[in-house]
Every structure is written in C-alpha cells, then in structure tokens.
Asker: 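Structure in structure tokens, see below.
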Number of protein chains: 2
Amino acid sequence: MSKNDIKIHDPKAQVVKDSLIKEDELDDVTTFFKTMGDNTRLNILIALNHNEFCVNDLTYILGLSQSAISHALMTLRGQKLVKTRRDGKIIYYSLDDDHVTTILDMALSHIKERR
Amino acid sequence: MSKNDIKIHDPKAQVVKDSLIKEDELDDVTTFFKTMGDNTRLNILIALNHNEFCVNDLTYILGLSQSAISHALMTLRGQKLVKTRRDGKIIYYSLDDDHVTTILDMALSHIKERR
DNA sequence: TTGACATATGCACATATATTCATATAATGA
DNA sequence: TCATTATATGAATATATGTGCATATGTCAA
C-alpha cells in the first residue's frame, strides 16, 4: 500500500490540500521566520528598531564578537530586513521594512499574553 | 584589551543596550519564530487555518509520514499554537491562538510585497 | 480479548546553522 | 605609502533539529 492510498476522513482535506501555497512561496515565508528565530539577529532588529547603528556599536550592545555580528547582519541584509548607509569608514545599519516592526511587536505581545 | 573596552560611537548605544529585553523573554520570542520557521509546521498551521483536521488527514494533505506529522504537531502543541479535541479514536487538531492567523497573514503579505 | 485503526514516542542519522578564528577588503589620516 | 580603524568573508567546528524506523499506547468493534 503506497502513500497515495491514504484514506481521508474529512472531504475538506482534499480541498485544503489543493489550496496549499506553492513550495517556493512557502520557502520564502519559512526562511523569513527562520531569520527572525535567532537571538542574535532578533536582538539586532530590536536594537535597530530604536535607532540606526554601526557594526561596532551593535557589537557593544549585544556583547558578541564583531564577526558574529557581521555574519548576522549579512543574513538580515540577504532577507532585506536591514539596509546600509556608508559614512566614511563607518557603515550604518537600519531596518529596511516597516512590516518587521509590526511583526516584532505582534510576536512580543503574543508571547506576553500567553503566560 | 577585553570586550568591555569597546568604545561606542553613538551614545545611544548605551541606552539601547540597557533597554534590551531579558534573555528568557527573548528566548520565548525566538522559539516562537523557530517554530514557525519550518515548512511542515507552517503548512500544518496553514491547513488548520482553514479547518480542524485529524492527524491522518494532515498526513494526506502534506504528503508526509504519520511520524513526521505527529512530531510536528507535538512541537506546535508545546508552543500552544494548536489544541486537540478527541472523538473516539480520532484526535482533531485546530489553531489555539488568534495571533497566529494574523502573524501568518502578515508574513505572507510581507513576502509578497517584497518581490 | 483479540484485531484493527489512530496517534505518540524514543532512537539514530543526516543535514542545517551559529560562532570562532584567521584573514581579507575598504577607507582614512599622517 | 603606511598604519589604523571598520567591516566582511571563508573555513572549521560544534550544536541543533527534522525525519524515518520501529514500537508503544490508546480506543473501539466484534
């Protein structure tokens, strides 16, 4: 008996199965959540939600190595969650997406109400 | 020179550093995002957003093994994102949190607008 | 009580990923 | 040009995590 022979109990299952979002679209969403699902990156986003900062100051704020911060920022930039601005040697990072703030706030309140 | 000797450029860095959320609270939020950051779990949530379903039907909808679905559901239940209802042999799963729908929708639109 | 169906769980394995270390690139001022 | 400061990147390692397999638990019908 192969996988195709599974018998559904609720006919709605077929409808929902057919209406699932496409794999690549799903990948985009999960990748977004994965990006948010890391203490370092989330802390960076929270910090940048207050103000733009350079890599050095983010290193100080989070208390992590410059390399770790830089790697995290590259991931965030790849997801277009942060953008950069250069002023001489210094590169300033800031949030690149209004949604992030909203989603962040929602998640925070979601957690708090759950307690 | 130790980590404490990092010199900040922007005095706001100190303010933001002091206002960071507590580690355990941060863990809660990232754990929540991690839970959402998986294709199987997210697909389950999307399916349950349409209707409650039993494990068997979710297995059919996602085309995965019963074990994989069950494991995923345990994680979701641990995060209080789904709840269960038993009817005889069958256990029905449904969303346990209004926020999830909202956050899901936001993430989906976030992705779409970004293209 | 036995068999069939529905779901859960422990273990093992494979894959993904965050961090560190070392080093590279880039910009500035002397 | 050289030294210094700021940031990025590649490789290696350690840890986390999703899935399949086998099996356990639970429920009902006969």
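Hydrogens, waters and symmetry mates are skipped; everything else that's a heavy atom, side chains included, is used. What you see is a predicted model, and the numbers here were worked out from it, not measured in a lab.
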Asker: For A/I90 and D/dT4, what is the distance between atoms CD1 and C1' respectively, to the nearest whole Å?
Answerer: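 Going from CD1 in A/I90 over to C1' in D/dT4 covers 13 Å.
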Asker: Please list, pair by pair, any protein nitrogen or oxygen found under 3.5 Å from a nitrogen or oxygen in nucleotides 24-29 of chain C.
Answerer:
residue: C/dA27; atom: OP1; partner: A/R86; partner atom: NH1; Å: 3.4

Asker: With sequence neighbours left out, write down each residue that passes ring-ring contact (aromatic ring centres under 6.0 Å, His included) with B/F32, or none if nothing qualifies.
Answerer: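 Per chain and number, B/F32 pairs via ring-ring contact (aromatic ring centres under 6.0 Å, His included) with A/H110.
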Asker: Kindly give the heavy-atom pair with the smallest separation between A/E52 and A/S94, and that separation in Å.
Answerer: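 Looks like CB-CB, 3.9 Å.
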Asker: Rounded to whole Å, how long is the line connecting atom NZ of B/K7 with atom P of D/dT5?
Answerer: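 Whole-Å distance recorded here is 9 Å.
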Asker: Separation of B/L58 atom CG from C/dA8 atom P, in whole Å?
Answerer: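 After rounding, the gap between these two atoms is 10 Å.
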Asker: Does any non-hydrogen side-chain atom of B/T30 lie less than 4.5 Å from one of A/D38?
Answerer: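 When only atoms from C-beta onward are counted, B/T30 and A/D38 do not touch, as no gap falls below 4.5 Å.
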Asker: Ignoring hydrogens, what is the shortest heavy-atom contact between A/T59 and A/S65? Give both atom names and the distance.
Answerer: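 That closest heavy-atom pairing would be CG2-C, 4.2 Å.
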Asker: Report the C-alpha separation of A/L48 and A/L58 in whole Å, then their side-chain angles, then the decisive distance to 0.1 Å, and conclude whether the side chain to side chain contact (heavy atoms under 4.5 Å, CB included) test is met.
Answerer: CA-CA 9 Å; A/L48 296 183; A/L58 287 172; 4.2 Å; yes
Asker: Heavy-atom distance under 4.5 Å between the side chains of A/V16 and B/F53, does that happen here?
Answerer: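 Yes, side chains in contact.
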Asker: Under 4.0 Å between a side-chain N/O of A/H9 and OP1 or OP2 of C/dC5, yes or no?
Answerer: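 No, because none of the side-chain N or O atoms of A/H9 sits under 4.0 Å from OP1 or OP2 of C/dC5.
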Asker: Please report the closest heavy-atom contact between B/I8 and B/Q14, naming both atoms and the distance.
Answerer: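 Closest approach of B/I8 to B/Q14, heavy atoms only: CD1-N, 4.0 Å.
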Asker: What are the two closest heavy atoms between B/K34 and A/G37, and how far apart are they?
Answerer: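 Closest heavy-atom pair between B/K34 and A/G37: CE-O, 3.0 Å.
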Asker: For A/F33 and C/dT17, what is the distance between atoms CZ and P respectively, to the nearest whole Å?
Answerer: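 Answer to the nearest Å: 16 Å.
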Asker: Looking at B/Y60, I'd like to know if the NZ or CZ of A/K17 sits under 6.0 Å from its six-membered ring centre while staying within 45 degrees of the ring's axis.
Answerer: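 Because its charged atom sits under 6.0 Å from the ring centre and within 45° of the axis, A/K17 does stack over B/Y60.
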Asker: Can you see if the side chain of A/S65 gets near the phosphate of C/dT19 - specifically, an N or O under 4.0 Å from OP1 or OP2?
Answerer: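 False: A/S65 side-chain N/O out of range (4.0 Å or more) of C/dT19 OP1/OP2.
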Asker: Rounded to whole Å, how long is the line connecting atom CE of A/M36 with atom P of C/dT17?
Answerer: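 Atom-to-atom, A/M36 to C/dT17, this comes out as 17 Å.
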Asker: Any donor-acceptor pair under 3.5 Å linking the side chain of B/D57 with the backbone of A/H9?
Answerer: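 Here the side-chain-to-backbone pair exists.
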Asker: How many Å lie between CG on B/L76 and P on D/dT17, as a whole number?
Answerer: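 About 14 Å, once rounded to whole Å.
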Asker: What string of B, S and - do you get for nucleotides 8-16 of chain D, 5' to 3', when a contact is any protein heavy atom under 4.0 Å?
Answerer: BBB------
Asker: Output the rounded distance in Å from CD1 (A/I69) to P (D/dA6).
Answerer: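 Taking CD1 of A/I69 and P of D/dA6, I get 15 Å after rounding.
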Asker: Tell me the closest heavy-atom pair linking A/L104 and A/M36, and the distance in Å.
Answerer: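 Nearest pair, atom of A/L104 first, then A/M36: CG-CE, 4.3 Å.
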Asker: Run the side-chain donor-acceptor check on residues 66-83 of chain A: report pairs under 3.5 Å with partners two or more places apart or on a different chain.
Answerer:
residue: A/T75; atom: OG1; partner: A/H71; partner atom: O; Å: 3.3
residue: A/K83; atom: NZ; partner: A/L95; partner atom: O; Å: 3.1

Asker: Could you check which residues of residues 40-51 of chain A get a heavy atom under 4.0 Å from DNA chain D? Sort them by number, please.
Answerer: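 Residues of residues 40-51 of chain A that come under 4.0 Å of DNA chain D do not exist, since none gets that close.
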Asker: Grab the two heavy atoms, one from A/L20 and one from B/I46, that are nearest each other, plus how far apart they are.
Answerer: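 Scanning both residues completely, I find the closest heavy atoms to be CD2-CG2, 4.4 Å.
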Asker: Take the C1' atoms of the five end pairs on each side of the helix from C/dT1-D/dA30 to C/dA30-D/dT1, get both axes, and report the angle to 10 degrees.
Answerer: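 Answer rounded to 10°: the end axes differ by 20°.
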Asker: Could you state the CG-P distance from A/L64 to C/dC21, rounded to the nearest angstrom?
Answerer: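 About 12 Å, once rounded to whole Å.
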Asker: Before you tell me yes or no, could you show the steps for A/I21 and B/L108 under side chain to side chain contact (heavy atoms under 4.5 Å, CB included), namely the whole-Å CA-CA distance, both residues' side-chain angles and the distance that decides it to 0.1 Å?
Answerer: CA-CA 10 Å; A/I21 66 176; B/L108 283 165; 4.1 Å; yes
